[in-house]
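Encoded as structure tokens, the structure appears first; notes follow it.
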Amino acid sequence: MSVAMVTFFPVSKPFSIFHDRSSVSLRIKHYLPIRRRMVSKASHTARHGLAVEDDFNAFLEILPRDLRDNLLNEPKSAQLLEVILDLGRLPEARYQGECGGKYLRNTQVSMEELEYAQNAVGKFGGDNRAGIEGTLHRISAIRSSNGVIVGLTCRVGRAVRGHVDMVRDLLPFGESILFVGRPGVGKTTVMREIARVLSDEVDRRVVIVDTSNEIGGDGDIPHAAIGGARRLQVPEPSMQHRIMIEAVENHMPEVIIVDEIGTEAEALACRSIGERGVMLIGTAHGERLENIIKNPTLSDLVGGIETVTLGDAEARARRCKKSILERKALPTFPFLIEMRERHYWVTHWTERSVDMLLHGKRPQVEVRRRNDRFEVVIERGIYDGFEI
């Protein structure tokens with residue numbers, strides 16, 4: 001991605017290339033980045049400026065004793081992403097930033113070990129997910145054709161303070177933000193931290209629609225990581241869109257946070273909420289903006305697309321075909337952030353980026369990343385995606 005402009009500003013002021021900040025914009029001939037340091041309040045006690053809480057001992061309690069000892073003695077335990085327990089196979093640990101996994105022993109997982117883990121966690125819901133009460137850990141089940149659990153994905157849930165610094169300057173605008181990215185890149189983690197910051201530091205009325213208890217943790221009392229935000233639990237995943245509307249109608253939120261927007265009903269619920277003046281923070285299935293544009297179920301989140309037939313004169317003036325794609329409406333989410341890696345994000349002003357991509361052009365975006373000193377660096381660049 002080529003960097004075309006870098007903007008420098010005082011830390012106390014909000015920043016975005018998407019708003020007029022010409023008084024503090026500098027055109028740099030050789031495109032050398034000017035950096036800004038944004039450090040969380042907890043950074044003085046945390047590694048790399050981030051404070052991490054993971055309730056690791058509670059996670060270990062659901063595992064067989066020999067696996068607990070192996071993981072406690074593992075130097076990379078702080079990077080543990082998940083533990084895989086599949087019947088008749090070797091137990092496997094997967095770590096952040098590594099391809100593949102590491103076997104934890106040379107004996108296979110037994111049905112007794114799976115049953116022990118099931119009894120140690122909460123009830124599995126309709127989406128085959130469960131949690132450990134009072135923690136952010138998520139346990140997902142694989143069932144046989146007879147409904148018997150034959151595999152478990154035990155994922156470590158962590159509350160990370162300081163991760164929100166990557167996007168803190170956008171929050172004061174009150175505009176809705178959609179996060180996209182591959183699984184495991186940290187979307188839910190940053191939404192949890194945004195909930196805490198908006199409720200405790202910005203004094204907004206925040207309601208979380210928590211379908212799998214992944215944001216607020218398992219149990220009736222939400223995890224302290226969400227701060228003063230309130231949490232609505234969803235009995236069944238298919239009911240998420242109804243609970244989203246219920247949250248607006250019954251609890252007067254200023255901000256609604258919802259994870260994994262994946263159906264047309266949920267996309268329509270987002271539009272309805274946005275039209276009522278409520279700020280939305282959400283995640284959707286997809287890695288890049290193009291994935292959302294091309295997805296007929298979710299494209300309404302970025303304004304939707306339609307085919308328009310131009311007249312001969314207009315087509316000649318535009319130097320394009322007579323049938324073109326256009327955006328149908330204003331995006332539900334004015335900002336869209338592609339989380340390419342845990343500390344490398346690409347930020348779109350959705351309306352402008354969608355229009356330019358539909359016209360075969362590459363929009364200007366913000367590249368947000370952490371440097372070697374773990375400072376947040378924000379640069380202006382040209383999008384490296386593909387035309388629609």
Side-chain angles (χ1 to χ4, degrees), residues 51-64 67-68 71 77-78 80-85 93-94 96 113-143 147 149 151-161 163 183-184 186-196 199-200 206-240 242-244 246-247 251 256-262 266 281-283:
V52 180
E53 301 173 15
D54 56 13
D55 300 305
F56 195 53
N57 289 332
F59 178 82
L60 294 177
E61 285 299 317
I62 71 171
L63 302 176
L67 300 191
R68 297 180 214 167
L71 291 172
S77 60
L80 181 65
L81 184 64
E82 59 191 12
V83 173
I84 307 299
L85 301 177
R94 296 175 180 171
Q96 296 175 8
E113 290 174 327
L114 288 177
E115 290 174 349
Y116 173 82
Q118 293 175 54
N119 294 331
V121 302
K123 180 181 178 182
F124 285 91
D127 55 357
N128 281 315
R129 292 179 179 180
I132 304 172
E133 187 166 357
T135 76
L136 301 172
H137 307 308
R138 187 183 79 189
I139 316 301
S140 302
I142 297 176
R143 297 182 184 270
I149 293 179
L152 293 173
T153 302
C154 307
R155 189 163 191 175
V156 179
R158 294 182 172 91
V160 182
R161 293 202 175 197
H163 203 39
K187 299 187 296 297
T188 303
T189 300
V190 73
M191 289 195 16
R192 190 182 297 125
E193 177 71 349
I194 287 174
R196 184 191 65 79
S199 61
D200 292 359
V206 181
V207 172
I208 299 170
V209 178
D210 205 0
T211 303
S212 300
N213 292 344
E214 195 172 355
I215 300 176
D218 202 52
D220 294 333
I221 301 175
H223 196 278
I226 66 172
R230 304 179 74 190
R231 189 261 297 268
L232 292 183
Q233 294 174 298
V234 181
E236 294 291 335
S238 60
M239 297 177 61
Q240 177 165 285
R242 292 169 53 187
I243 303 300
M244 291 167 63
E246 177 187 321
H251 304 288
I256 284 185
I257 294 179
V258 58
D259 201 6
E260 296 184 355
I261 302 165
E266 291 162 7
I281 306 292
T283 70

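As the structure is a prediction and not an experimental result, all values here were calculated from the model.
- Shown here are the salt bridge (Lys or Arg N to Asp or Glu O under 4.0 Å) partners of Asp259, two or more places apart in sequence or in another chain: there are none.
- Of all heavy-atom pairs spanning Gly282 and Ile261, the tightest one is CA-CD1, 4.3 Å.
- The backbone N or O of Ile215 lies less than 3.5 Å from a partner atom in the side chain of Arg192, making a donor-acceptor pair.
- Side-chain atoms of Leu85 and Glu113, non-hydrogen and from C-beta on, never get closer than 4.5 Å to each other.
- Pairing each heavy atom of Gly227 with each of Ser199, the nearest pair is C-OG, 4.2 Å.
- With contacts defined as side-chain heavy-atom distances shorter than 4.5 Å, the pair Val83/Leu71 qualifies.
- In terms of the side chain to side chain donor-acceptor pair (under 3.5 Å) criterion, residue partners of Arg143 (sequence neighbours excluded) are, by chain and number, Asn128.
- Partners of Asp200 by side chain to side chain donor-acceptor pair (under 3.5 Å), not counting sequence neighbours: none found.
- Among residues at least two apart or in separate chains, there is no ring-ring contact (aromatic ring centres under 6.0 Å, His included) pair with a member in residues 211-232.
- Here the side chains of Gln233 and Asn213 are in contact, with some heavy-atom distance below 4.5 Å.
- Around CZ of Arg242, the count of heavy atoms belonging to other residues, nucleotides or ligands within 6.0 Å does not exceed 12.
- None of Glu82, Arg94, His137 except one satisfies the side chain to side chain contact (heavy atoms under 4.5 Å, CB included) rule with Val156; the exception is His137.
- The salt bridge (Lys or Arg N to Asp or Glu O under 4.0 Å) analysis of residues 220-231, with sequence neighbours excluded, yields the pairs Asp210-Arg231.
- Among residues two or more places apart in sequence or in another chain, the salt bridge (Lys or Arg N to Asp or Glu O under 4.0 Å) test is passed with Arg129 by Glu214, Glu260.
- Contact check for Ile132 versus Val121: side-chain heavy atoms found under the 4.5 Å cut-off.
- The minimum heavy-atom distance between Met244 and Glu266, with the atom names listed, is CE-O, 3.9 Å.
- You'll find the side chain of His251 reaches within 4.5 Å of the side chain of Leu232, heavy atoms only.
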